[in-house]
Each structure stands twice: as C-alpha cells, then as structure tokens.
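Worksheet for the structure shown next.
Proteins come first, then strands; the chains are lettered A, B, ... in the order of their sequence lines, and each starts at number 1.
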Amino acid sequence: MDEFRNFIYDIVDEDLRKNPDLKIHTRFPPEPNGYLHLGSAKAIMINYDVAKKYGGVFNLRYDDTNPTREDTEYVDSIYKDICWLIGEEPSGGVFYGSDYFDLCFEYAVKLIKDGKAYVCDLSKEDVIEYKGTDRAEASRVSPYRDRTVEENLDLFYRMKNGEFPEGSHTLRAKIDPSNPNTYLRDPIIYRIKYAHHHRQGDKWCIYPMYDFAHPIQDATEGITHSLCSLEFENHRPLYEWVVDNIGIEKKPKQREFARINVTYTTVSKRYLRQLVEQKIVDGWDDPRLPTLFALRRRGFTPSSIMSFVRSAGVSKSNNLVDIRMLEACLRDELNENAPRRVCILHPVKVVIDNLPEGYEETFELPNHPQHPEMGTRKVKFTRELYIDEDDFALDPPPKFFRMKKDGEVRLMGAYIVKCSEIVQNGDGSVKELHCTADLESGNGNPVDGRKIKGTIHWLSANDALDTTVKLYDRLFTLEDLSQAETDENGNALYFNYLNPESLITVEHAKIEPSLGTAQVGDRFQFVRTGYFCKDSKYENTFNRIVSLKDSFKC
RNA sequence: UGCGGCAUCGCCAAGCGGUAAGGCAACGGACUCUGACUCCGUCAUUACCUAGGUUCGAAUCCUAGUGCCGCAGCCA
C-alpha cells in the first residue's frame, strides 16, 4: 500500500504526530442524484484507503440536503456500487445528511442567538446585485444585517413553520461582506423550499445549504479528515468558520485533491444522463459507460478499478489518465485468474480430409497454461471444425503464422494441420477449408521435431454452441472531452464525437460446450481474443471486457 | 476582473537543497502449443513552464513573468 502514498498521507501523518490518540475517520459523501462512476471510485479509494491504512473508520453518508435533486433510486444504487467496489460494507456505517436536519436547525438557532446569523429578505436577484459584478469590490451590506436576535429568531421560526413563500427569506451567516473570498460574504446557509424530501417527507420547508450542513455532518460523525475534490478548496474557510462557530470540540479537517479525468470518456452526470435519456446508450449500465453499474456489467472487477485509481495517483494537478491504464489493471488480474476457453467469433469451416466421417476424439485442455491447479476440461475433435476467419488468409501478408494454403499450423492442444484446398463461394469468400492432419502430432508436437510457428484455436463443428458476443470500444472519438467544441451557451457538444463503432454485436459466434453452463458475471479469457464476461441483461450473451494485447502487425 | 489552485518524459506521478523513482504507453530482443503472459533492453544530461537571483550545490529557496484549471447558485 505504501507504493501508493500521496500528499494526503503526509497530512494525516503530521496530524497523528501532533495527536497520537487521533482515531482516523473518513467518509464518502455522494449526493444521491446519479450513479457512481470512475470519479467517485477515486474519492472512495482515497477516503477508504486512508481509514484502512491508519486502522480508522470509513462512513458512507448521503449528502441529501437538496430534496429537488435527489431520489431513492440513486440511494440504492450507490450503496450497492460502493459495497461492490470496496468488497465490504462501509466500516463506520451508512448515514444520511438529512438525518441531521434537526441538529442543523439547532446550530442555526445558536448562531442567531450568538449574533452570527440573520434572516435576510433580499430576493435572489438582489442578493446577486448586492454582491456586485466586480468581485474586487466589497459587497453592499444587506439592509437586514443588523436585525435583533429576537427578530431573527422570530423570523427563522416562521420560515421553518411555512409562513413565507420560497425565495422570500434566507438565513445568512454574518461573516464579512468585504472578504475577497466571496464564500465568506455573508453566505446563505438556509433557504425555503416547499419540496418533498425522499427521506424526510414533508417535515421541512427550509433546508440547509451544503456549506452549512456538510461541516456539521462531518463534525457530528467524528470525521477527522474530510477529503474532497479541488473545487471545494474555496469553501474551506467557510467550512472552518462553521466548525469553529457551532461550538464543537472535535474539529474535522477538510483537504482537497484533484478529481480524475479519463481519456475518451466523461463522468459529467449531466452528459451521462443525456446519453441515457436520449437512448444513445442502453441505460445506466450500458457497458460503454464509466459508471460503476456499467463497469460491473461489462465485467470489470472491483479490484481492477481500485488498482486503477490507486495507480493513477492522488495529486492536485489537472490530469487526463489514459483509459489503457484501467485496461492494463484488468488484464493483470484476469490473466492470473480467468479460466481459458475457446470462442470463435467469425467461424469458418475446416474439414480434416484424412479423418473418416463421424470421427471423434477427446482432448484435454488446460484451463490455465500457467496454473495447472486450475484443472482441465475435455473438448471434442472431429472431422469438421471451426476456426476464426482472421486465422486464415487467402493472400497472407509476410510473417502470417496462421492458416494459409499449403502452410502448416497447430490447432491448439491437438494436431498440426496443413491446408490443402480452399473452397470459395461465388462471391470469392471462403466457404470451407480442407486440411490434412499430421495424426502423429496429437500432443501438439510434431514427431520429427520440426518447428511450427503458429497456433490457432478451433472448435468441433459437431457440438459448438451458438452465442452472441458484444465487442465494446470507447464511446467517444475525442481523447480529451474537455476540449470538445461548445455551443453558444457553453455546453460541450459531446455528441459530435460519438464513436459509431463503440458497440459491435457478433451473432452466431461459436463457443465450446463447457461455456453453456457459464453463470451471469463469470469471466473468461477467450483464448487469443480477450477477456469476456457473461452478460447480466441479455440471454446467452458475452461482453468483451477488454481485448488481449496484440503486437501482430501486417 | 477578484479569489483559489496547478505547472517534472506521449499520459499519470515520486521528489520536501546534494546531483531526476515507479506505472501506463511506445520501441527493440529472448521465450512461447495464446503474435497473450513472462523475461531482458531502450525511453528526462544546454533536463524539471520561462527569466533572473541566493548557494559549493536548486525540480526543490527567493523575485518577476507565462500558461492552464476551478469558483464567483437561495446546487453539491
């Protein structure tokens, strides 16, 4: 784990040096307004790993302070995704920011009583206008800033009791209208919203703002390190102001890191939602999406995603991490674990001429060439076989070590064969290939010791099963989506960069019989092809998680 | 514009005044019944955004620039 150290650990180490009794406590606080994705995975990893490394505790807390944006659909998916990702339940438990609404209210009352908050009657437009367009100048002071404690208390309770319409009043922290950091210019900490809350129902018509609620949530749960992304760095002084002024003894510390960007994709919830709603993709679990839901369906392992975000590192600089790093993490893992199987994507029939009709022989193939303990399975060898069309060439390029006219090639785990005749269809495509097997090479090695350069995979035509295989590629053609063109309103035109070949469906691929019992979610290496996972959504379908590396260049 | 942040190999990223880790990618080669895996090698030397300065010594300290990102919701 030390190989993944970063500046956050330095901060925690220093805090521990000053206070050896500190019990490290972190949290991941998603707003339940969308599905978790690779960016979330990074935030989860950082908070989870810090807690883990120091023997601390890690909470999941839904940041659900804005009822108009949130939904239980997301609450459920987030819980499922995070448990899947880290392989356990959050050690500290699951919490809801909205469960602290009473507490937030009490703290707000305390601030009022301390003369540190006031009810403001300025409209939304006026608030903006008072702040001014030139932020170098101080804000105009709200005319309601000097209301008495009694008046503020009365008004705030009446806000709570639903006596005022939305937008008519806010509660503001009395901090500093001329502070260069505009977050400190008497920020609004409570607003009126007549909205049904997914968890609190209609109990409230006033809701605390993030900047007020979040530090209270952290402090209440005993969070020691509130690790979030860089865009909250400007909020830190306000976070600290709240912590200092609500009068809590154990003060959490907020620190920020850069969020992750990944090539050829976006984790913008807004655009993800558009892709789903406009049915450009097949739901939130479309295997081309960067959501954890989708990555899971595609077949990525949670550990490969964790090692991806760990190896991408944690810093404060803008970054664009190569998606191939994620693929490398997956290959690393599955190369070790995934049983090998045969799948012929584009079958071409091969007839072994020197074998009689009805001939049948059984070969035992290892499930993993480097791990004999993973066992073997039996496959049938018959007169008629399938090979992949890519493994034959009518007009072979140089160094084509596969099947070609008059060339010898090894059928993996079986005989060495020589192609003697090519039967073509009317359009010139290959109908079938006729071969002669060297029947003495049954273990794959020629008796005379001659070298056979190529080995290809094959299946008996007698018992091969039909399946559908889905080959996925990047959803977008633009490497850095932050460079996408924008329209006049500044909206990125991601849809101009959709990759038309992001999904290729192969019908009637052939798989070996042992794959007939594969369970949803099972992962295999289809030999010489890639890593595949049995799909959870469609029957008899395999998703390509990632291809094998291929250094063959014609 | 104001405030905040960041700038080290194609992409991430270590480095915390003592002479540029590692990963991904790429490129050679060995091995191979997966053109996979594995292994070996190459891959920052008027070098660490630029220009000055301090120092015996600077990616690391100072000064002045430049570039990029974020924020400027009664969103989180």
Side-chain angles (χ1 to χ4, degrees), chain A residues 3-6 10 29-31 33 63-66 68-70 97 120 122-124 127-128 131-137 166-172 179-185 187-193 206-207 209-211 213-214 228-237 256 258-260 263 308 310-329 331-332 335-336 340 342 365-366 368-370 399-402 410-414 416 441 443-445 452-457 479 482 525-530 547-553:
Chain A
E3 63 177 304
F4 297 116
R5 273 194 72 89
N6 57 60
D10 296 339
E31 182 182 23
N33 69 342
D63 210 337
D64 54 355
T65 54
N66 185 346
T68 60
R69 292 161 44 106
E70 296 145 12
C120 179
L122 251 25
S123 68
K124 192 170 190 170
V127 169
I128 293 169
K131 282 193 177 172
T133 45
D134 182 1
R135 296 309 158 95
E137 291 175 18
E166 278 186 22
S168 62
H169 299 73
T170 57
L171 184 69
R172 296 235 242 163
N179 198 291
N181 181 340
T182 53
Y183 284 100
L184 261 15
R185 318 246 270 220
I188 291 166
I189 58 176
Y190 258 97
R191 77 287 213 189
I192 299 170
K193 261 184 201 288
I206 58 171
Y207 291 93
M209 296 288 288
Y210 166 86
D211 283 315
H214 204 85
C228 61
S229 48
L230 233 32
E231 67 264 33
F232 293 104
E233 205 160 17
N234 290 334
H235 299 235
R236 194 152 102 198
E256 311 82 9
R259 33 194 327 163
I260 194 172
T263 55
F308 166 64
R310 284 189 183 113
S311 58
V314 179
S315 73
K316 296 181 77 160
S317 48
N318 300 331
N319 59 76
L320 180 64
V321 181
D322 197 329
I323 186 72
R324 288 178 297 184
M325 207 186 274
L326 170 62
E327 298 173 347
C329 290
R331 288 195 190 102
D332 269 354
N335 178 49
E336 276 301 304
R340 268 96 247 239
V342 174
L365 263 43
H368 194 302
Q370 279 84 39
K399 297 194 172 177
F400 186 79
F401 306 133
R402 306 179 189 182
R410 177 184 292 112
L411 298 178
M412 189 180 284
I416 288 161
S441 67
N443 62 358
N445 288 318
I452 303 299
K453 190 74 175 157
T455 300
I456 64 175
H457 56 294
E479 182 172 34
S482 74
Q525 184 196 92
F526 288 172
V527 132
R528 301 207 314 127
T529 305
S547 66
L548 251 30
K549 288 221 280 188
D550 183 5
S551 58
F552 174 56
K553 300 171 194 73

With sequence neighbours left out, what residues match [X] under side chain to side chain contact (heavy atoms under 4.5 Å, CB included)?
X	value
A:Asp322	A:Thr263, A:Arg324
A:Glu231	A:Ser229, A:Arg259
A:Ser482	A:Asp480

Using whole Å, report how far [atom1] of [X] lies from [atom2] of [N].
X	N	atom1	atom2	result
A:Ile452	B:U34	CD1	P	13 Å
A:Met209	B:A76	CE	C1'	9 Å
A:Ile323	B:G10	CD1	C1'	17 Å
A:Asp10	B:U60	CG	C1'	15 Å
A:Asn319	B:A14	CG	P	11 Å
A:Glu327	B:C11	CD	P	18 Å
A:Asp322	B:A25	CG	P	8 Å
A:Arg172	B:G73	CZ	P	12 Å

Euclidean distance, [Y] [atom2] relative to [X] [atom1], rounded to 0.5 Å:
X	Y	atom1	atom2	result
A:Asn6	A:Lys316	CG	NZ	12.0 Å
A:Tyr210	A:Glu31	OH	CD	10.5 Å
A:Ile189	A:Met209	CD1	CE	10.0 Å
A:Phe308	A:Ile323	CZ	CD1	5.5 Å
A:Ile128	A:Leu122	CD1	CG	10.5 Å

[N] OP1/OP2 closer than 4.0 Å to side-chain N/O of [X]:
X	N	result
A:Ser317	B:G5	no
A:Ser551	B:A36	yes
A:Arg191	B:C75	yes

side-chain hydrogen bond (donor to acceptor under 3.5 Å, both in side chains) involving A:Glu70 - partner list, sequence neighbours excluded: none
Partner residues of A:Lys124 under the side-chain hydrogen bond (donor to acceptor under 3.5 Å, both in side chains) criterion, sequence neighbours left out: none
Closest to side chain of [X], choosing from [options]:
X	options	answer
A:Leu548	B:A36, B:G35, B:C74	B:A36
A:Arg528	B:A14, B:G35, B:U32	B:G35
A:Ala312	B:C12, B:C75, B:A36	B:C12
A:Val527	B:C12, B:C3, B:U34	B:U34
A:Met325	B:A13, B:A76, B:C11	B:C11

Taking atom [atom1] in both [N] and [M], what distance in whole Å separates the two?
N	M	atom1	answer
B:U38	B:A76	C1'	47 Å
B:C3	B:G65	P	14 Å
B:A14	B:A21	C1'	6 Å
B:A20	B:C49	P	16 Å
B:A59	B:U8	P	15 Å
B:G22	B:A13	C1'	8 Å
B:A36	B:C43	P	23 Å
B:C6	B:C61	P	12 Å

Position toward the 5' end of RNA chain B (nearest nucleotide), A:Val127 or A:Gly413: A:Gly413
Of A:Met412 and A:Pro30, the one whose closest RNA chain B nucleotide lies more 5': A:Met412
Distance-only donor-acceptor test, A:Arg402 side-chain atoms vs B:G35 base atoms, 3.5 Å: yes
Does [X] reach a base, just sugar-phosphate, or nothing at all? Heavy atoms under 4.0 Å.
X	answer
A:Ser123	base
A:Leu122	base
A:Gln525	base
A:Leu320	sugar-phosphate
A:Thr170	base
A:Arg324	sugar-phosphate
A:Lys193	sugar-phosphate
A:Pro29	nothing

Which atom of A:Pro29 lies closest to which atom of A:Asp63, heavy atoms considered: O-CB, 3.6 Å
Nucleotide paired to [N] in any strand shown, Watson-Crick or G-U, under 3.5 Å:
N	value
B:G2	B:C71
B:C39	B:G29
B:U45	none
B:A7	B:U66
B:C56	B:G18

Nucleotides 65-71 of chain B: protein proximity per nucleotide (B base, S sugar-phosphate only, - neither; heavy atom, under 4.0 Å): ---SSBS
Minimum side-chain heavy-atom gap A:Pro187-A:Asp211 below 4.5 Å: no
Qualifying residues under ring-ring contact (aromatic ring centres under 6.0 Å, His included), relative to A:Tyr183, sequence neighbours excluded: A:His235
All ring-ring contact (aromatic ring centres under 6.0 Å, His included) counterparts of A:His457, not counting sequence neighbours: none
Using atom names, set out every protein N or O paired with an N or O of nucleotides 37-44 of chain B below 3.5 Å, distance rounded to 0.1 Å.
unit_1	atom_1	unit_2	atom_2	d
B:C37	O2'	A:Asn335	ND2	2.8

Chi-angle category of B:G18 [syn within 90° of 0, anti beyond]: anti
